[in-house]
Amino acid sequence: MDKVPAAVQAARLHVTKILAASQAADAPFIIVSVHEQRLYLFELGRLSATYPVSSSAYGIGNTNGSNRTPLGLHKIAEKFGDHEPIGMIFKARRPTGDLAKILTQPVKGEGDDVTSRIMWLQGLEPGVNEGPGVDSHKRYIYIHGTPEEGLIGTPESHGCIRMKNKQVIALFNQVPVGTLVDIID
C-alpha cells in the first residue's frame, strides 16, 4: 500500500471525526489529493485502496464554468452505470450503446468522454462547493472512467476526477451512495 502523505492523513482525521459525530464511524470514505493526483479509499478508518487519477487541466476552483476541480467535502449523490460493459460511453449519465477505444499511451483522444461508471458528487460546504455560483452538483462534477487512460496521473480533465476504467468499476462497487469524498489540494 502506498505511503499516505501528511495532507491526506489530516483529511482522513477530519472526515473520521465527521463520520463519528454522525454515528457512521464505520462508513467508507474517499480522499482525493489533487497535488498527488491520487484517490485514497478508506474502509473502517484504514486505507484499503489507492488509485491514480486526473483532476482538471485548469487547476482547482469551484466557480461555475471554470472547468476546474472543486475542493472541499462532497458526497456521492448518485451512481450510474451499474452492469454496463467496460468502456461504455455516457451522455447525460445515460449509456449511449457505444464503447470507447481505450488509449493506454499518453495521448489525447478526440473528446472528453465519460466511460464505464459515474459517481456524481454533491458539495457539502455552502459557499465553497454548494450553492449559487459554486455548486459541484450543478457543475456535473463526477468521478468517472475515461478513454484517455495513458494520461491518468496528470491533470487532464475538465473539472471531474478521471480514473482508469477497471479501477473506477472497482471503486463504484465498493462505495455506496452517500459516501463522503474530500477533495484536497
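Hydrophobic cluster membership is shared by V168 and V34, with clusters built from Ile, Leu, Val, Met, Phe, Trp and Tyr side chains linked at under 4.5 angstrom. Side-chain heavy atoms closer than 4.5 Å link hydrophobic residues (I, L, V, M, F, W, Y) into clusters, and following such links, even through other members, never connects I89 to I86. Following chains of ILVMFWY side-chain contacts shorter than 4.5 Å, one can reach L39 starting from L71, so the two form part of one hydrophobic cluster. At a threshold of 4.5 Å between side-chain heavy atoms, the hydrophobic network of Ile, Leu, Val, Met, Phe, Trp and Tyr places L171 and I102 in two separate groups. L19 and V8 end up in the same hydrophobic cluster when Ile, Leu, Val, Met, Phe, Trp and Tyr side chains are linked at under 4.5 Å.
T16 has its side chain within reach of F29: a pair of non-hydrogen atoms, C-beta onward, lies under 4.5 Å apart. Using a 4.5 Å heavy-atom cutoff, the side chains of M163 and E149 are not in contact. Side-chain contact between L47 and L41: absent, with no pair of heavy atoms (C-beta onward) separated by less than 4.5 Å. No side-chain heavy atom of I30 sits under 4.5 Å from any side-chain heavy atom of V15. Taking the side chain as every heavy atom from C-beta outward, Y40 and S33 approach each other to under 4.5 Å. At least one side-chain heavy atom of P176 sits under 4.5 Å from a side-chain heavy atom of P28. Using a 4.5 Å heavy-atom cutoff, the side chains of V181 and I183 are in contact.
No side-chain donor from either of Q37 and T154 sits under 3.5 Å from a side-chain acceptor of the other. Side-chain polar atoms of N165 and T115 form a donor-acceptor pair below 3.5 angstrom. Counted by atom type alone, R38 and T50 present one or more donor-acceptor pairs between their side chains at under 3.5 Å. Inspection of the H35 and D185 side chains reveals no N or O donor paired with an N or O acceptor under 3.5 Å.
Summarising the hydrophobic clusters (Ile, Leu, Val, Met, Phe, Trp, Tyr; side-chain heavy atoms under 4.5 Å, direct or chained), the residues clustered with F90 are F80, M88, L99, V114, I118, W120, Y140, Y142.
With rounding to the nearest 0.5 Å, the separation of CD in E84 from CD1 in I169 is 10.0 Å. To the nearest 0.5 Å, atoms OG (S54) and NZ (K164) are separated by 9.5 Å. Distance CD1/I161 to OG/S56: 9.0 Å, rounded to 0.5 Å. We find the CG-CD distance between D112 and E156 to be 10.0 Å, quoted to the nearest 0.5 Å. The CG atom of L124 sits 11.0 Å away from atom NE2 of H137, with the distance rounded to the nearest 0.5 Å. If you take OG on S157 and CG on N67, they are separated by 8.5 Å, rounding to the nearest 0.5 Å.
Shown are H74, Q122, E130; of these, the side chain to side chain donor-acceptor pair (under 3.5 Å) with S136 is made only by H74.
The cationic group of R68 does not satisfy the cation-pi geometry with Y58, failing either the under 6.0 Å distance to the six-membered ring centre or the 45° limit from the ring axis.
Heavy-atom minimum distance, G72 versus E125: CA-OE2, 3.1 Å. For the pair Y51 and Q174, the tightest heavy-atom approach, listed with the atom from each and the gap, is OH-OE1, 3.4 Å. In this structure, V175 and K79 approach most closely via the heavy-atom pair O-NZ, 2.5 Å. Residues G123 and N129 share a closest heavy-atom pair of CA-OD1, 3.1 Å. Between P70 and N62, the shortest heavy-atom contact is CA-OD1, 3.0 Å. K75 approaches G178 most closely through the heavy-atom pair CB-O, 4.0 Å.
The local environment of NZ in K108 is crowded, with over 12 non-hydrogen atoms from other residues, nucleotides or ligands closer than 6.0 Å.
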Report the C-alpha separation of L180 and I18 in whole Å, then their side-chain angles, then the decisive distance to 0.1 Å, and conclude whether the side-chain contact (heavy atoms from CB on, under 4.5 Å) test is met.
CA-CA 10 Å; L180 294 182; I18 292 169; 4.0 Å; yes
Test side-chain contact (heavy atoms from CB on, under 4.5 Å) on S66 and R139 and set out the steps.
CA-CA 9 Å; S66 68; R139 290 182 59 208; 3.4 Å; yes
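Salt-bridge annotation for K91 and D113: present, with a side-chain N of the basic residue lying under 4.0 Å from a carboxylate O of the acidic one. At a threshold of 4.0 Å, the pair E148-R162 counts as salt-bridged, since one of the basic side-chain nitrogens sits closer than that to a carboxylate oxygen.
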